Amino acid sequence: MTERLYYADSHLVEFEARVVAVSQAEGGRAAVSLDRTAFYPTGGGQPTDTGTLGAARVVECVDEEDRVLHVCEGEIPSEGANVLGRVDWPRRLDHIQQHTGQHILSQAFVELYGAQTRSFRMMEEVCEVDVELADPSDEKVYGAVRRANEIIWDDRPVRIHQVTPEEASRLPLRKDSAREGELRVIEIEGFDFSPCGGTHARSTGEVGCVVARHWERAKGLVRVTFAAGVRAVEDYGRANRTARATAALFSVGREEGTEAAARLQEENKQLQRRLRAAEETAARAEARELYEEAAASSEGGSAVVVARAFEGPDAEGLRRLAHALAAHARCVALLGSVEGGAARLVFARAADAPGDMNALMRAACQTLGGRGGGRPEMAQGGGQHAERLAEVLDAAAASARG
Ligand SMILES: [Zn+2]
C-alpha cells in the first residue's frame, strides 16, 4: 500500500521514500512502487503528475489497487533504496487550478440554476464540464463564470476533511460519492462541499480566474469548455493573437476584425451575383455568334447544328452556353471540353429542333468510354478517351443533321 502524501498536502512537491518494488513496464520502462508518494496518479478527470525519482524520469503514475505505480525512464532505482521524489510543480499547479476551478464553476451552476455537473475532463489546453443546465444561453453560462470568479477573488480557504460515511451524510455534499468507507471531502468555505481525491488550491485565489471559451448541447447536457489560471492566460494569448492577425488582414483594430470580415463576405456575395450575370450575358453573346455562323453555313436543313470542342470551360460554363444556344430557333448545340485529361459533353436543342439528345449522348459516351444521358432536349456526359472528342462531335453532328 502506498501512503498518498498529496491527500494531506497538494503543495508538497519534494519527498523521500523507499522503493518497495520494481517491475518491467512497456517500452523498456520500469514501474516503481514506493512506500509513500506525492505523485498524483491519473484519475478522477485529472491527469498524472510527472517529475523525477532520484535520477529517473517519472513519465506517468497509475493507480493499481492500493498502490501508485511510477512509470519511469532512465536510471531506475533499485528495490529497497531510498529515493528523493520531485513532482513537476508547473504541471501540478496547472492541475490544481483547473481542478479547483472546476469545483467552483460546478457549484456556481448549482447555486444559480440547480444544474449539477455530470462529468469533468482536463484536456491538453482546456477543460470540459457536462452540466445538466436547462434552457442554456450565453447569459446563463457567463453568469456562472462571473459567480465563480467572485468566489475566486474572495480568496476563500479550501479545506480537506477526512470523514466517516455518517459524518459525510450530515454535510451538504454537492455530489454523492461512489466510494465506501472514509471519505475525503473538499470544502470551499461557505460555498461548496465535494467528495474528491484530487489536488486542490489552498485558497480560491490561487485559481486566478476562470473563463468559458465555448458551450454547446451534448447528449442532453450542456458541455462548457473552460480554462482556469495559467491556462486562461495562455488561452487569452492565443485568442488575442488570432483576433489581431485577422484584423491585420483588413488593416483595422482588433475589435473591428469581425465587422471587416463580414463586410468582405457581403461584398464577395454581391460580386458573385454580378459575375454570374456577366457570364450569362457573355454566354448569350457567344451563342449568338456561334449560331449565326452555323446558320450561314447550314444548307437549309431542319436543324442549325453547332458542334464545337472548347478548351477550358467548366461544366457550368458549358451548360450555360448550351442553354443560350438552345434559345435560338431550330438550334442543336453539341458542345464538348477537355479537363484533366477527360472529355465532357453537353448536348441541348431548341424546342422546335429535331433529335433526341439523350440517344446522341449515350452513343457519344460509349465511344468516349464513359457514361451520360438526360432528356430528349438536354443531356450530359463524358469519358476518358478525350482524344476521340472531335470524332464524337462530328458523328453526333452528322446524326443531328439527319
Ligand atoms: Zn477535486
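Because the structure is predicted, anything quoted here is derived from the model rather than measured. Computed from heavy atoms alone, side chains included, the values below leave out hydrogens, waters and symmetry copies.
- A 6.0 Å sphere centred on CD of Q366 holds no more than 12 heavy atoms belonging to other residues, nucleotides or ligands.
- For Q97 (side chain) and V230 (main-chain N/O), a donor-acceptor pair under 3.5 Å exists by modelled atom type.
- With a 4.5 Å cut-off on side-chain heavy atoms, M378 and V346 count as touching.
- Checked for salt-bridge contact, D94 and R231 meet the test: a charged N lies under 4.0 Å from a carboxylate O.
- When each of V392, V306, V305 is tested with L334 by the rule side-chain contact (heavy atoms from CB on, under 4.5 Å), just one qualifies, namely V305.
- No donor-acceptor pair closer than 3.5 Å links the side chain of W153 to the backbone N or O of A148.
- You'll find the side chain of D394 stays beyond 4.5 Å of the side chain of E391, heavy atoms only.
- The line from CG of N358 to CD of Q380 is 11.5 Å long, rounded to the nearest 0.5 Å.
- With hydrogens and angles left out, the side-chain atoms of R213 and T225 include no donor and acceptor closer than 3.5 Å.
- For the atom pair CG of L12 and CZ of R36, the computed distance is 8.0 Å after rounding to the nearest 0.5 Å.
- Using modelled atom types, one side-chain atom of H70 and one backbone atom of V32 make a donor-acceptor pair closer than 3.5 Å.
- For N149 (side chain) and V210 (main-chain N/O), a donor-acceptor pair under 3.5 Å exists by modelled atom type.
- Scanning all heavy atoms of the two residues, the minimum distance from S33 to L69 falls at CB-CD2, 3.9 Å.
- Not a single donor-acceptor pair under 3.5 Å links the side chain of R254 to the backbone N or O of R244.
- Between R174 and D192 there is a salt bridge, with a side-chain nitrogen of the basic residue lying less than 4.0 Å from a carboxylate oxygen of the acidic one.
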Inset, instruction - For side chain to side chain contact (heavy atoms under 4.5 Å, CB included), just list the numbers for F226 and Q102, CA-CA rounded to whole Å, side-chain angles, deciding distance to a tenth of an Å, and then say yes or no. - result: CA-CA 9 Å; F226 74 96; Q102 181 259 313; 3.8 Å; yes
Legend entry - Test log, rule salt bridge (Lys or Arg N to Asp or Glu O under 4.0 Å), inputs R276 and E279: CA-CA 5 Å; R276 268 199 297 279; E279 282 172 341; over 6 Å; no
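- Atoms CD and CD1, on Q46 and I96 in that order, are 8.0 Å from each other to the nearest 0.5 Å.
- Around the CD atom of E216, the shell of radius 6.0 Å holds more than 12 heavy atoms that belong to other residues, nucleotides or ligands.
- Minimum heavy-atom separation, L345 to G336: CD2-CA, 4.0 Å.
- When the shell of 6.0 Å around CD of E75 is examined, it contains 12 or fewer heavy atoms from other residues, nucleotides or ligands.
- Side-chain atoms of V145 and L105, non-hydrogen and from C-beta on, do get closer than 4.5 Å to each other.
- Other residues, nucleotides and ligands contribute at most 12 non-hydrogen atoms within 6.0 Å of the CZ atom of R274.
- Between the side chain of Y6 and the main chain of G197, no donor-acceptor pair closer than 3.5 Å is present.
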Inset, instruction - Give the C-alpha distance, both sets of side-chain angles, the deciding distance and a yes or no for side chain to side chain contact (heavy atoms under 4.5 Å, CB included) between T199 and R92. - result: CA-CA 8 Å; T199 55; R92 165 64 68 81; 3.8 Å; yes
Inset, instruction - Check the pair V58, V87 against side chain to side chain contact (heavy atoms under 4.5 Å, CB included), reporting the backbone distance first and the verdict last. - result: CA-CA 9 Å; V58 179; V87 176; over 6 Å; no
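- The pair R57-E73 does not meet the salt-bridge criterion, since no charged nitrogen lies less than 4.0 angstrom from a carboxylate oxygen.
- Counting heavy atoms from C-beta outward, H103 and C196 have side chains that approach closer than 4.5 Å.
- Taking the six-membered ring for Trp and the full ring otherwise, Y40 and H95 have centroids separated by 6.0 Å or more.
- Around the CE atom of M123, the shell of radius 6.0 Å holds more than 12 heavy atoms that belong to other residues, nucleotides or ligands.
- The shortest distance between side-chain heavy atoms of L53 and V19 does not fall below 4.5 Å.
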Inset, instruction - Please lay out, stage by stage, how R4 and D63 fare under the test salt bridge (Lys or Arg N to Asp or Glu O under 4.0 Å). - result: CA-CA 11 Å; R4 297 171 192 244; D63 254 321; 2.7 Å; yes
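- Side chain of T204 to main chain of R156: a donor-acceptor pair is present (N/O by atom type, distance under 3.5 Å, no hydrogens or angles).
- Panel note: side chain E259, backbone E256; no donor-acceptor pair is recorded below 3.5 Å.
- Taking the six-membered ring where tryptophan is involved, the planes of H11 and W89 are tilted, since the angle between them lies from 30° to 60°.
- Atom OG1 in T52 sits 6.0 Å away from atom CZ in F39 (nearest 0.5 Å).
- Counting only heavy atoms from C-beta outward, the side chains of E125 and D235 never approach each other to under 4.5 Å.
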Inset, instruction - Could you go through the side chain to side chain contact (heavy atoms under 4.5 Å, CB included) check for C365 and R371 one step at a time? - result: CA-CA 5 Å; C365 289; R371 302 173 65 170; 5.5 Å; no
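- At distances below 3.5 Å, at least one donor-acceptor pair connects side-chain atoms of K140 with backbone N or O atoms of A134.
- Salt-bridge formation is not detected for the pair E267/R263: no Lys NZ or Arg NE/NH1/NH2 atom is positioned less than 4.0 Å from an Asp or Glu carboxylate oxygen.
- The pair R344-D314 fails the salt-bridge criterion, with no side-chain N (NZ, NE, NH1 or NH2) lying under 4.0 Å from an Asp/Glu carboxylate O.
- At a threshold of 4.0 Å, the pair R308-E293 counts as salt-bridged, since one of the basic side-chain nitrogens sits closer than that to a carboxylate oxygen.
- Heavy atoms only, all atoms of each residue included: A322 and L335 are closest at N-CD1, 3.6 Å.
- In this structure the side chain of S10 never reaches within 4.5 angstrom of the side chain of R202, judged on heavy atoms.
- Note that CZ of R288 and CG of L290 are 12.0 Å apart. Values are rounded to the nearest 0.5 Å.
- Of the possible donor and acceptor atoms, none in the side chain of D35 sits under 3.5 Å from a partner among the backbone N and O of A17.
- Y7 is not listed as a side-chain neighbour of I160, based on a closest heavy-atom distance of 4.5 Å or more.
- Taking every heavy atom of both residues into account, Q98 and F120 meet most closely at O-CZ, 4.3 Å.
- For the pair C61 and D49, the tightest heavy-atom approach, listed with the atom from each and the gap, is SG-O, 4.0 Å.
- Remark: of the listed residues R223, R118, R217, R223 is the sole one forming a salt bridge (charged side-chain N to carboxylate O under 4.0 Å, His left out) with D130.
- The CZ atom of F15 lies 3.5 Å from the OG1 atom of T37; values are rounded to the nearest 0.5 Å.
- Heavy atoms only, all atoms of each residue included: S194 and L173 are closest at N-CD2, 4.5 Å.
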